[in-house]
Structures are given as C-alpha cells and as structure tokens.
Amino acid sequence: MDTKIQQEIKHLKYNLDLYHTSYMQELEHFEEKTQRLDFQIENCTSDVKREIIKRQKDYYQQQIDILDKNMEKNTNVINSRIALLEEKLASLREEKRSIEHNIKQLEGALERRNVNEIFDMFEHVKNALTILHEEIKSTSS
C-alpha cells in the first residue's frame with residue numbers, strides 16, 4: 001500500500017514539474033508577443049492601427065493573467081494532494097510499527113481467504129517479526 005502511495009506522490013511531483021515547465025514556455029511565448037506589440041506600438045504612425053495593436057496587447061496580458069491564476073490554483077491543488085498523501089504515508093508507516101495493527105490485518109486477510117492478498121499478508125508477518133525482533137534486541141541489551 002505504501003509503495004502505491006509513494007508512486008502516486010512521485011507521479012504528482014513529476015506532473016507538477018511538467019506543468020511548471022509548460023507554464024514557463026507559455027509565459028515566455030506571451031511575453032515575446034507583448035514585447036513585439038510594444039515595438040509595433042512605438043513605431044506605428046496610424047492611431048487606428050496603434051489602437052488595434054494595444055487591444056491585442058491587452059488580450060495577451062489577459063491571457064497571462066489567466067495563465068498565472070490557473071498556475072497558482074493547480075499548483076495549490078497538486079501540493080495539497082501531495083501533502084495529504086504524505087500524511088497518509090506517514091500514518092501507514094506508523095501503523096506498520098504497531099504489532100496490533102499487523103495482527104489485525106493478518107486476521108482480516110485470513111477471514112477473507114483472498115489469494116490476491118498473500119503478499120500483503122507476508123508483509124504484515126515481516127513487519128510483526130521485525131517489531132518482535134527489535135523488542136527482543138532492545139530487552140537483551
């Protein structure tokens with residue numbers, strides 16, 4: 001279970017990096033366009049054409065604003081999901097350190113008799129044995 005959560009966290013972080021890269025590319029694209037339009041506005045002699053170019057520039061500025069808002073919103077959503085999964089992972093790791101939890105999980109799996117859970121059962125046995133081994137080791141020291 002915890003490996004699935006770790007994979008999901010890794011996947012979300014990878015997607016966040018891709019999203020940031022895409023954001024930067026789009027932002028650079030819009031900024032280049034606005035810079036070109038600024039140059040055209042400066043060199044334009046016609047008031048009508050200047051007004052049309054200014055509207056285009058305003059449109060690109062609006063697109064940049066939308067891009068920024070979406071970036072912030074999506075980054076916050078992904079980061080909150082990562083934080084939630086990391087909390088869940090920490091909780092699972094803490095539960096793994098509990099012999100009662102591992103025995104309870106084994107009992108449940110034995111009642112269900114689901115062959116697909118055999119490797120999970122081995123993991124719970126391993127966790128319980130590790131806990132017992134560490135307890136024996138600490139009391140003998």
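No hydrogens, no waters, no symmetry mates; every other heavy atom, side chains included, goes into these values.
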Query raised in the report: Hey, what do you get for OG (Ser98) to CD1 (Ile131), rounding to the nearest 0.5 Å?
Result: 6.5 Å

Report summary line: Heavy atoms of Ile5 and Leu85 approach each other most closely as CG2-O, 3.5 Å

Report task. Look only at the side chain of Arg113 and the backbone of Ala109, and say whether a donor-acceptor pair between them is shorter than 3.5 Å. Result -> no

Run the side-chain donor-acceptor check on residues 63-84: report pairs under 3.5 Å with partners two or more places apart or on a different chain.
| residue | atom | partner | partner atom | Å |
| --- | --- | --- | --- | --- |
| Asp68 | OD1 | Tyr23 | OH | 2.5 |
| Asn70 | ND2 | Ile66 | O | 3.4 |
| Asn74 | ND2 | Tyr19 | OH | 2.7 |
| Asn74 | ND2 | Asn70 | O | 3.3 |
| Thr75 | OG1 | His20 | NE2 | 3.3 |
| Thr75 | OG1 | Met71 | O | 2.7 |
| Asn76 | ND2 | Glu72 | O | 3.2 |
| Asn79 | ND2 | Thr75 | O | 3.3 |
| Ser80 | OG | Asn76 | O | 3.2 |
| Ser80 | OG | Val77 | O | 2.8 |

Output side-chain donor-acceptor pairs under 3.5 Å for residues 50-62, partner residues at least two apart or in another chain, one line each.
| residue | atom | partner | partner atom | Å |
| --- | --- | --- | --- | --- |
| Arg50 | NH1 | Asp47 | OD1 | 3.1 |
| Arg50 | NH2 | Cys44 | O | 2.4 |
| Lys57 | NZ | Asp38 | OD1 | 2.6 |
| Tyr60 | OH | Lys33 | NZ | 3.4 |

Query raised in the report: Taking side chain as C-beta onward, heavy atoms only, is Arg97 less than 4.5 Å from Thr130?
Result: yes

Query raised in the report: What's the spacing between Glu86 CD and Arg93 CZ if we round to 0.5 Å?
Result: 9.5 Å

Report task. May I ask you to test the Glu8-Lys13 pair for a side-chain heavy-atom distance under 4.5 Å? Result -> no

**Report entry** Side chains of His124 and Asp120, donor plus acceptor under 3.5 Å
**Finding:** no

Requested in this report: May I ask whether Leu129 and Leu110 are part of the same hydrophobic cluster, defined by side-chain heavy atoms of I, L, V, M, F, W, Y residues being less than 4.5 angstrom apart, directly or through others?
Outcome: yes

Requested in this report: Look only at the side chain of Ser22 and the backbone of Leu18, and say whether a donor-acceptor pair between them is shorter than 3.5 Å.
Outcome: no

Query raised in the report: Can you find a pair of side-chain heavy atoms, one from Gln25 and one from His29, that are under 4.5 Å apart?
Result: no

Query raised in the report: Is Leu92 reachable from Leu12 through a run of I, L, V, M, F, W or Y residues, each pair having side-chain heavy atoms under 4.5 Å apart?
Result: yes

Report summary line: Tested for side chain to side chain contact (heavy atoms under 4.5 Å, CB included) against Glu117, the lone hit among Gln105, Arg112, Glu123 is Arg112

Query raised in the report: Taking atom NE2 of His133 and atom OG of Ser138, what is their separation to the nearest 0.5 Å?
Result: 10.0 Å

Query raised in the report: Side chains of Ile9 and Gln6: does their closest heavy-atom pair fall under 4.5 Å?
Result: no

